[in-house]
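Written below as structure tokens is the structure these notes are about.
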Amino acid sequence: MAIQVHLDELLKDRGMTAKELCKWVGITEANLSILRSGKAKGIRFGTVNKICFYLQCDVGDILKFDGQLEVDEDA
Amino acid sequence: MNRKTLMKLSVLAVCSALVFLLTSGNGGSVLVLTAMPFTFLGKGLRVLSLSGPAGNIAAIVIYVTVCLLPLVLILRKKKDKEDWLLVLGSAMLFYVLYLMINPGLMLNGMSSDVGSAILCGTVVSVFVSWGILKLLHKGETMEISSGYHALRVLLGACAALYIVAGFGIGTGELKAEIEAVRTGNTMPGQNLLDTYIFLFFIYAVQVMEYTLDACLMILGIELTKELEQNPYSESCVMAAGKMSKKAQGYLTVILLSNMVLNIAQVLAASRLYNIDAMVRIPVFSVALCLCSMALTRLLGQGKDIKEENDLYI
């Protein structure tokens, strides 16, 4: 994935468990697992907003671009 | 189809076949059966009316009340456009019931049992049309679970009607046709066996067509249960696929048997004393098959879209 999700580090820094984050954000643990593993196709603005709010971080802290162009298989 | 449903359909098939076989019934007798409540009510009101002045007043009150009953639904605050059909129904009830009470006033050609059955059938058709239009209208705003429930009832009723039409009316008509061939061909040396066999062949094909379509409707009922639980689930798509596969198989059997029937009739025409002038094309079965195929594809696409959508967190 050209866009990498850095949730694990953020959770560790904030001392919060994945379960707690799910509870605050209102998503299932299965969905959070999809997001953390990089298998998610997209993330809604609402979800990013809640994650940033509860983890007190910026969007760029969660999602990082690795400089590569990824070809969309479905396109 | 589970064993319980199969049992119910079998019992219905045997009972309807027996009823139509023992009562010499056919399609026309279904119409007479539809008219029965009206003819009974008409006769009853006539007897009541002739019993004396008090009886006459009671008969008039009952007559007016019964004819005005449909209008009660129009008096409700919330009316739909189709409810105005009830005004027509009420007016027709006044006319038809009056004729049932006074059969002497009926026009020539309408005085027989079938004539009065046609009159009453017309009234019933107005109320049935109102009911169907109402269902269509309510269907737009109906809750999903109620919609599936209504669909199940409708499919079940259609399947039962198809079984009665195939085994009941079909058996009655077979009996009537055999009787007509027997009584109309009394010359010595006439071999009617081929005609009887052919009549039974037509009957078997018709019964099979009705039965297979009824089975498809039962599968439709099972599919609605899956749709109600989760329309995007694998089991739902599989149930739709199963229905679609069966629909294709059934249609193939129906089309081939109808084709064989048409060809056999042409080949054996010289030996038959009864020719069926209809060339059979099972339009309803074709429509049912195409609908189930389209539904399967649609559900499959819906499942894929749902799975993709689930990857958007």
Side-chain angles (χ1 to χ4, degrees), chain A residues 1-12 14 16-66 70-75, chain B residues 2 139-152 219-248 289-313:
Chain A
M1 278 291 277
I3 304 294
Q4 291 170 345
V5 182
H6 292 266
L7 260 179
D8 290 339
E9 296 92 319
L10 276 168
L11 284 169
K12 204 174 172 185
R14 305 293 189 273
M16 194 186 280
T17 64
K19 204 172 181 175
E20 283 171 325
L21 184 67
C22 288
K23 194 180 158 193
W24 290 117
V25 176
I27 58 174
T28 62
E29 284 185 61
N31 275 349
L32 189 68
S33 172
I34 291 171
L35 189 61
R36 286 163 69 191
S37 63
K39 286 178 187 166
K41 284 209 168 190
I43 180 163
R44 293 188 175 87
F45 285 150
T47 312
V48 182
N49 182 193
K50 283 178 190 167
I51 293 174
C52 289
F53 179 79
Y54 289 112
L55 292 180
Q56 285 298 300
C57 64
D58 201 355
V59 181
D61 299 327
I62 306 169
L63 304 172
K64 291 202 193 309
F65 176 50
D66 69 358
E70 191 178 73
V71 181
D72 191 353
E73 287 170 8
D74 296 336
Chain B
N2 59 35
E140 288 172 0
T141 51
M142 206 180 268
E143 272 184 34
I144 290 176
S145 60
S146 311
Y148 283 130
H149 181 70
L151 192 60
R152 273 198 287 277
L219 283 174
I221 293 175
E222 285 166 18
L223 178 61
T224 59
K225 287 174 189 165
E226 292 285 351
L227 281 168
E228 196 174 0
Q229 279 178 359
N230 183 3
Y232 308 109
S233 66
E234 184 68 39
S235 62
C236 184
V237 176
M238 277 174 71
K242 182 183 160 191
M243 185 179 149
S244 175
K245 276 261 159 52
K246 292 225 169 175
Q248 289 172 50
C289 181
L290 290 178
C291 284
S292 62
M293 283 166 72
L295 184 65
T296 307
R297 184 163 284 196
L298 210 65
L299 286 173
Q301 285 174 347
K303 180 181 155 279
D304 291 345
I305 291 169
K306 174 77 168 59
E307 277 173 2
E308 187 166 337
N309 190 53
D310 286 346
L311 292 175
Y312 288 81
I313 312 297

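Heavy-atom basis, side chains included; hydrogens, waters and symmetry copies ignored. In what follows, chains carry the letters A, B, and so on, assigned in the order in which the sequence lines appear, proteins first and then strands, with residues in each chain numbered from 1. These figures come from a predicted structure and were not determined experimentally.
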Donor-acceptor contacts, no H, no angles, side chain residues 300-307 of chain B, under 3.5 Å, sequence neighbours left out:
from	atom 1	to	atom 2	distance (Å)
B:Lys303	NZ	B:Glu234	OE1	3.1
B:Lys303	NZ	B:Glu307	OE2	3.2
B:Lys306	NZ	B:Asp310	OD1	3.2
B:Lys306	NZ	B:Asp310	OD2	3.2

Tell me whether [X] at atom [atom1] has more than 12 heavy atoms from other residues, nucleotides or ligands lying less than 6.0 Å away.
X	atom1	answer
A:Phe45	CZ	no
B:Met238	CE	no
A:Arg14	CZ	yes
A:Lys64	NZ	yes

So, the part of A:Ile43 with a heavy atom under 4.5 Å from chain B: the answer is both
A:Tyr54 meets the ring-ring contact (aromatic ring centres under 6.0 Å, His included) criterion, sequence neighbours left out, with A:Trp24
Expected contact set for residues 30-37 of chain A against chain B at heavy-atom separation under 4.5 Å reads A:Asn31, A:Ile34, A:Leu35
Given B:Leu311, B:Asn309, B:Ile313, the one with more heavy-atom pairs under 4.5 angstrom with chain A than any other is B:Ile313
Most contact-rich option vs chain B, by heavy-atom pairs under 4.5 angstrom, among A:Ile27, A:Val25, A:Thr47, A:Val48, is A:Thr47
Across all chains, not counting sequence neighbours, the side-chain hydrogen bond (donor to acceptor under 3.5 Å, both in side chains) partners of B:Gln248 are B:Ser244
